[in-house]
Amino acid sequence: MNWDGLLDETLWLNIALVLGATFVSYLMLQTVLKVVTNRLRKLSKGSPSGFAGMVAEMLSRTSQLLLIAMSLLIGLKFAELPDRWESAMSHGWFIALAFQIALWLDTAVHLWMESLTRDGKARNPVTTTIIGIMLRIVVWTMMLLSILANLGVDITAMVASLGVGGIAIALAVQTLLSDIFASLSIGIDKPFEIGDFVVFGDIAGTIEHIGLKTTRIRSLSGEQVVCSNADLLSQTIHNYKRMNTRRIVFKFGISYKTSASKLREVSQLVRRIIESIEKAKFDRAHFFAFDNSQLTYEVVYIMQTADYNAYMDVQEEINLRLLEGIHELEVDFAFPIRQVEFIGGELPEMLVAQAPQEQAATPQPASPAS
């Protein structure tokens with residue numbers, strides 16, 4: 001063992017210099033981080049959701065181990081080192097900074113997800129989680145590849161192999177991935193959200209849960225309908241929750257015995273009834289067509305609310321008032337009538353022969369006792 005090397009004053013002086021510089025650098029970095037963090041927190045007024053607050057939280061979660069490594073690298077600058085150590089130190093600087101930047105970005109993604117959940121902005125928590133996981137994978141993958149490239153490793157073949165492996169995995173789980181990307185599309189585009197009433201195909205119900213692969217709907221009849229996200233987006237969806245108004249069209253029929261003047265009065269009656277209802281806006285009421293057994297009216301009005309129960313209440317009130325008004329006008333509602341006419345005004349011989357028999361078979365009422 002070379003004891004003379006251990007007794008070299010220059011060696012111990014360099015070690016003391018490195019340790020002292022490392023300690024001072026660590027204190028200075030800690031002080032700068034603390035001052036900057038406190039300043040940013042004052043600017044954000046204690047709220048971590050803003051940009052200043054998010055940066056303050058990122059800086060407060062700086063890794064102490066990496067901070068010590070950076071301080072040591074600064075301390076080594078004050079010592080005389082061989083040339084090969086200079087190359088190792090440059091790689092050390094890059095690795096430490098890459099890890100720290102990745103940690104900061106990972107913290108930023110985590111804080112962003114927390115802010116969405118806390119503020120209620122994340123209408124689809126599953127989509128928020130998927131996006132957060134994907135961003136973290138991208139951050140750490142880029143960090144790893146950049147470190148390997150800095151160390152002189154040829155990452156071209158590695159990236160190519162990852163691409164081929166990714167394609168193979170994608171083909172193996174194609175159905176699952178299509179549902180996952182459909183879930184992402186639902187979360188980003190927001191065609192519907194939890195609590196919306198939707199209709200597609202023969203299914204109508206309220207969205208209860210939007211998952212990674214399926215969406216669960218509580219139907220009007222009470223059962224839960226589970227539908228694949230990809231299949232759901234492939235259909236035309238009617239979202240009634242987002243209706244601001246509701247256009248209503250209904251028809252009713254009047255008897256053919258009604259005169260033209262009465263028909264005009266019926267149109268005015270319908271107009272007065274709808275205009276007197278607060279939640280309904282009158283559009284039109286017209287004598288529409290000559291149909292079988294009735295003179296048809298078509299009425300259109302606009303509901304000022306999308307609430308279906310409110311619409312039914314208004315429609316019921318319109319029907320009741322219309323029934324009262326039609327009777328006051330001495331007009332009859334139409335009902336189906338079938339009329340048979342015989343050419344020449346005489347019954348066929350077969351019906352004439354059957355008429356006496358039917359009359360004989362019909363019991364006659366008893367005459368009152370005298």
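- Judged by distance alone, the side chains of Glu265 and Ser267 never bring a donor and an acceptor atom under 3.5 Å apart.
- A distance of 6.0 Å or more separates the ring centres of Tyr26 and Phe23.
- In this structure, the separation between NE2 on His209 and CD1 on Ile194 is 7.0 Å, given to the nearest 0.5 Å.
- No side-chain donor-acceptor contact under 3.5 Å links Asp106 to the backbone of Ala102.
- Rounded to the nearest 0.5 Å, atoms CD1 (Ile137) and OG1 (Thr141) are 6.5 Å apart.
- Within the 4.5 Å cutoff, the side chain of Arg321 has heavy atoms near those of the Ile277 side chain.
- Remark: Glu330 CD to Thr258 OG1 distance equals 11.5 Å, nearest 0.5 Å.
- Between Lys281 and Ile274, the shortest heavy-atom contact is C-CG2, 4.3 Å.
- Side-chain contact check for Cys227 versus Thr214: every heavy-atom pair is 4.5 Å or farther apart.
- Leu295 and Phe290 get closest at one heavy-atom pair: CD2-CD2, 3.5 Å.
- Side-chain N or O atoms of Asn229 include none that pairs as donor or acceptor with a backbone N or O of Ala182 at under 3.5 Å.
- Cluster membership check: Met312 shares its hydrophobic cluster with Leu323, using side-chain heavy-atom separations under 4.5 Å among Ile, Leu, Val, Met, Phe, Trp and Tyr.
- Separation of atoms CG (Leu67) and CD (Gln100) is listed at 7.5 Å; rounding is to 0.5 Å.
- Under a 4.0 Å N-O distance rule, the pair Glu208/Arg218 qualifies as a salt bridge.
- Ion pairing between Arg284 and Glu298 holds under the 4.0 Å rule for side-chain N and carboxylate O.
- With hydrogens and angles left out, the side-chain atoms of Gln304 and Glu278 include no donor and acceptor closer than 3.5 Å.
- Residues Met243 and Tyr301 do not share a hydrophobic cluster, clusters being chains of Ile/Leu/Val/Met/Phe/Trp/Tyr side chains in contact below 4.5 Å.
- In this structure, the ring of Phe252 has its center less than 6.0 angstrom from the ring center of Tyr297.
- There is a path of hydrophobic side-chain contacts, each under 4.5 Å, that joins Phe333 to Tyr256.
- Rounded to the nearest 0.5 angstrom, His286 NE2 and Leu263 CG are separated by 13.5 Å.
- Here the straight-line distance linking atom CD1 of Ile318 with atom CG of Asp313 works out to 11.0 Å at 0.5 Å rounding.
- Nearest heavy-atom pair across Ala280 and Val314 is CB-CG1, 4.0 Å.
- Using a 4.0 Å cut-off between a side-chain N of Lys or Arg and a carboxylate O of Asp or Glu, Asp196 and Arg242 qualify as a salt bridge.
- At distances below 3.5 Å, not a single donor-acceptor pair connects side-chain atoms of Lys279 with backbone N or O atoms of Met303.
- Between Phe200 and Thr236, the shortest heavy-atom contact is CB-O, 3.6 Å.
- Of all heavy-atom pairs between Ile237 and Leu232, the closest is CD1-O, 3.6 Å.
- A donor-acceptor contact shorter than 3.5 Å is absent between the side chain of Arg264 and the backbone of Gln268.
- By the side chain to side chain donor-acceptor pair (under 3.5 Å) test, Ser228 pairs with Asp179, sequence neighbours left out.
- When the side chain to side chain donor-acceptor pair (under 3.5 Å) test is applied to Asn319, the partners found at least two apart in sequence or on another chain are Gln315.
- For the pair Trp140 and Leu105, the minimum side-chain heavy-atom distance is 4.5 Å or more.
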